[in-house]
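A quick write-up on the structure given underneath.
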Amino acid sequence: MASPGSGFWSFGSENGSGDSDNPGTARAWCQVAQKFTGGIGNKLCALLYGDAEKPAESGGSQPPRVTARKAACACDQKPCSCPKADVNYGFLHATDLLPACDGERPTLAFLQDVMNILLQYVVKSFDRSTKVIDFHYPNELLQEYNWELADQPQNLEEILMHCQTTLKYAIKTGHPRYFNQLSTGLDMVGLAADWLTSTANTNMFTYEIAPVFVLLEYVTLKKMREIIGWPGGSGDGIFSPGGAISNMYAMMIARFKMFPEVKEKGMAAVPRLIAFTSEHSHFSLKKGAAALGIGTDSVILIKCDERGKMIPSDLERRILEAKQKGFVPFLVSATAGTTVYGAFDPLLAVADICKKYKIWMHVDAAWGGGLLMSRKHKWKLSGVERANSVTWNPHKMMGVPLQCSALLVREEGLMQNCNQMHASYLFQQDKHYDLSYDTGDKALQCGRHVDVFKLWLMWRAKGTTGFEAHVDKCLELAEYLYNIIKNREGYEMVFDGKPQHTNVCFWYIPPSLRTLEDNEERMSRLSKVAPVIKARMMEYGTTMVSYQPLGDKVNFFRMVISNPAATHQDIDFLIEEIERLGQDL
């Protein structure tokens with residue numbers, strides 16, 4: 001594939017010029033925003049510069065009603081002399097919006113009101129005085145609102161109310177005290193990019209219908225491969241619908257590399273294939289094996305040490321066992337950042353074993369790949385450059401809005417050969433441009449969402465150094481939490497030592513359990529503590545953090561930090577809230 005070149009499309013290693021800190025530049029931006037967006041720009045500038053009222057949580061179940069407003073005008077005359085008729089949403093329907101005749105004004109008014117709803121939600125998401133969640137049980141929400149679909153259309157007033165209601169009960173995943181998942185935070189540039197992507201509303205399968213997006217995918221994947229350490233960023237890749245699909249792609253390509261005939265003849269034409277991954281790895285490896293007809297029994301789980309890292313000697317032992325049984329080892333999936341412990345498998349040792357037995361090495365760095373952006377922490381992925389394929393999810397540690405998952409492959413052309421079906425109505429061979437940019441035939445999907453633009457735009461806005469600062473801050477916050485609770489009364493660490501990622505795993509021990517002997521009764525009672533505290537967190541709406549059992553360990557909290565909006569004060573709040581909600585258990 002020919003390179004689109006440097007300049008506008010490429011990434012710099014430095015942050016931007018810092019114009020956002022210049023009041024004159026910021027005010028000039030506001031004037032431009034107001035010129036082109038009318039009410040949206042006015043609202044956004046008011047929110048940015050403190051002129052707006054602080055948003056408050058609605059006390060009732062019904063959000064405020066939007067009934068009428070002055071229609072916006074799109075003419076170029078300044079000042080505008082166009083009549084501004086009231087727009088009464090109670091009498092308007094979707095059929096009155098574009099492309100309807102005379103639909104421009106109600107469309108602009110409607111979209112501006114939708115934008116106002118979104119902007120208020122964005123501001124609330126960062127307000128620590130608001131709830132992370134307004135929790136209701138499923139049956140309560142089902143009874144409180146009519147969610148059923150009807151034959152007849154509703155008016156636009158009701159549609160705006162549905163937007164408000166949906167966000168009222170949405171989890172504020174950008175809230176600084178939301179720690180429940182690996183994907184947290186709400187990046188403003190990424191959000192803007194997502195809005196633009198939806199507005200463009202195109203597909204990623206050919207250059208002719210997504211020229212800029214296809215080029216940006218090429219540039220971005222190449223940059224990611226360079227960061228992994230493949231010479232010149234050579235290889236291939238694709239953005240897929242999440243890390244589970246990226247991992248399945250890797251399994252599919254590894255199988256094709258060893259037995260290309262499987263594409264036409266299926267699994268009946270190949271011997272029993274065996275994949276290996278750690279017992280702490282993501283469940284998607286088994287899901288992929290099931291989907292590809294390899295079978296979950298053909299995924300061998302390798303033992304881990306007490307920190308959750310794969311034990312290389314056990315990997316080699318299990319490979320030899322499989323070969324002695326006449327099976328064919330075809331894939332080893334190492335993990336860089338396990339879901340629960342945040343552990344990094346010893347990639348160099350795994351690479352040596354894969355080279356010795358000629359097995360495809362995949363690295364699931366969905367969670368840990370972001371550390372490659374940090375000069376301080378990238379050593380934890382030493383050996384990733386020796387992998388044949390890598391899964392990397394920027395929507396996790398790098399804070400890119402969901403979804404944004406990449407599969408990177410070291411050998412160029414292999415993914416295309418594995419998946420292409422030569423659909424002549426899409427991939428005509430006599431087009432007038434370079435056909436290497438028609439990337440859709442290497443994907444399993446036909447319709448493929450544009451996931452690259454938000455990552456590319458954020459990278460341009462932050463620079464590599466901005467992502468590095470993001471990663472370093474989150475890991476520093478995790479170390480801060482660990483240092484507070486490791487010797488604090490009422491806490492026990494799940495494993496010894498400072499965490500390698502932002503995962504901090506611990507038990508909270510209520511006063512009633514602190515003097516009990518470590519026996520089955522104590523473990524039974526302790527297993528109920530985290531679920532009750534989590535339920536109370538959600539009912540109060542103050543914070544959210546995940547819990548789970550693992551192996552012989554009863555339910556414990558798994559704290560993860562990927563939101564750069566979080567601070568030391570938010571970590572302190574979490575500890576105090578756990579103690580407040582759990583002291584009576």
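Annotation: side chain of Pro401 is in contact with side chain of Met458 (closest heavy-atom distance under 4.5 Å). Residues Cys418 and Met252 are in side-chain contact: their nearest non-hydrogen atoms beyond the backbone lie under 4.5 Å apart. Taking the side chain as every heavy atom from C-beta outward, Leu407 and Met415 approach each other to under 4.5 Å. Val400 is not listed as a side-chain neighbour of Asp187, based on a closest heavy-atom distance of 4.5 Å or more. Residues Leu475 and Leu371 form a side-chain contact, since some pair of their non-hydrogen atoms from C-beta on lies under 4.5 Å apart. Residues Phe239 and Val450 are not in side-chain contact: their nearest non-hydrogen atoms beyond the backbone lie 4.5 Å or more apart. With contacts defined as side-chain heavy-atom distances shorter than 4.5 Å, the pair Trp459/Met373 qualifies. Counting heavy atoms from C-beta outward, Met398 and Cys404 have side chains that stay 4.5 Å or more apart.
In summary, Arg448 and Glu217 engage in a salt bridge, as defined by a charged side-chain N under 4.0 Å from a carboxylate O.
Enclosure of atom NZ in Lys263 by more than 12 non-hydrogen atoms of other residues, nucleotides or ligands within 6.0 angstrom is indicated. Heavy atoms from other residues, nucleotides or ligands lying under 6.0 Å from NZ of Lys257 number 12 at most. Counting non-hydrogen atoms of other residues, nucleotides and ligands closer than 6.0 Å to NZ of Lys431 gives a total above 12. Around CZ of Arg128, the count of heavy atoms belonging to other residues, nucleotides or ligands within 6.0 Å exceeds 12.
For Lys380, there are no salt bridge (Lys or Arg N to Asp or Glu O under 4.0 Å) partners at least two apart in sequence or on another chain. Under the rule for a ring-ring contact (aromatic ring centres under 6.0 Å, His included), Tyr121 has no partner lying at least two apart in sequence or in another chain. With sequence neighbours excluded, the residues satisfying ring-ring contact (aromatic ring centres under 6.0 Å, His included) with His568 are Tyr480.
The side chain to side chain donor-acceptor pair (under 3.5 Å) test with Lys442 singles out one residue from Asn417, Asp236, Asn419, and that residue is Asp236. With respect to Phe213, the ring pair (Phe, Tyr, Trp, His ring centres under 6.0 Å) criterion is satisfied by exactly one of Tyr207, Phe205, Phe453: Phe453.
For the residue pair Ser281 and Thr335, no side-chain donor N or O sits within less than 3.5 Å of a side-chain acceptor on the partner. The closest side-chain donor-acceptor pair between Asn393 and Ser405 falls under 3.5 angstrom. With 3.5 Å as the limit, one finds a donor-acceptor pair spanning the side chains of Asp570 and Thr567. Side-chain polar atoms of Ser278 and His280 form no donor-acceptor pair below 3.5 angstrom.
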Test Val212 against Trp456 for side chain to side chain contact (heavy atoms under 4.5 Å, CB included), laying out the working first. CA-CA 11 Å; Val212 173; Trp456 180 86; over 6 Å; no
Kindly indicate, with the supporting measurements, whether the criterion side-chain hydrogen bond (donor to acceptor under 3.5 Å, both in side chains) is fulfilled by Asp364 and Ser333. CA-CA 7 Å; Asp364 178 4; Ser333 179; 5.5 Å; no
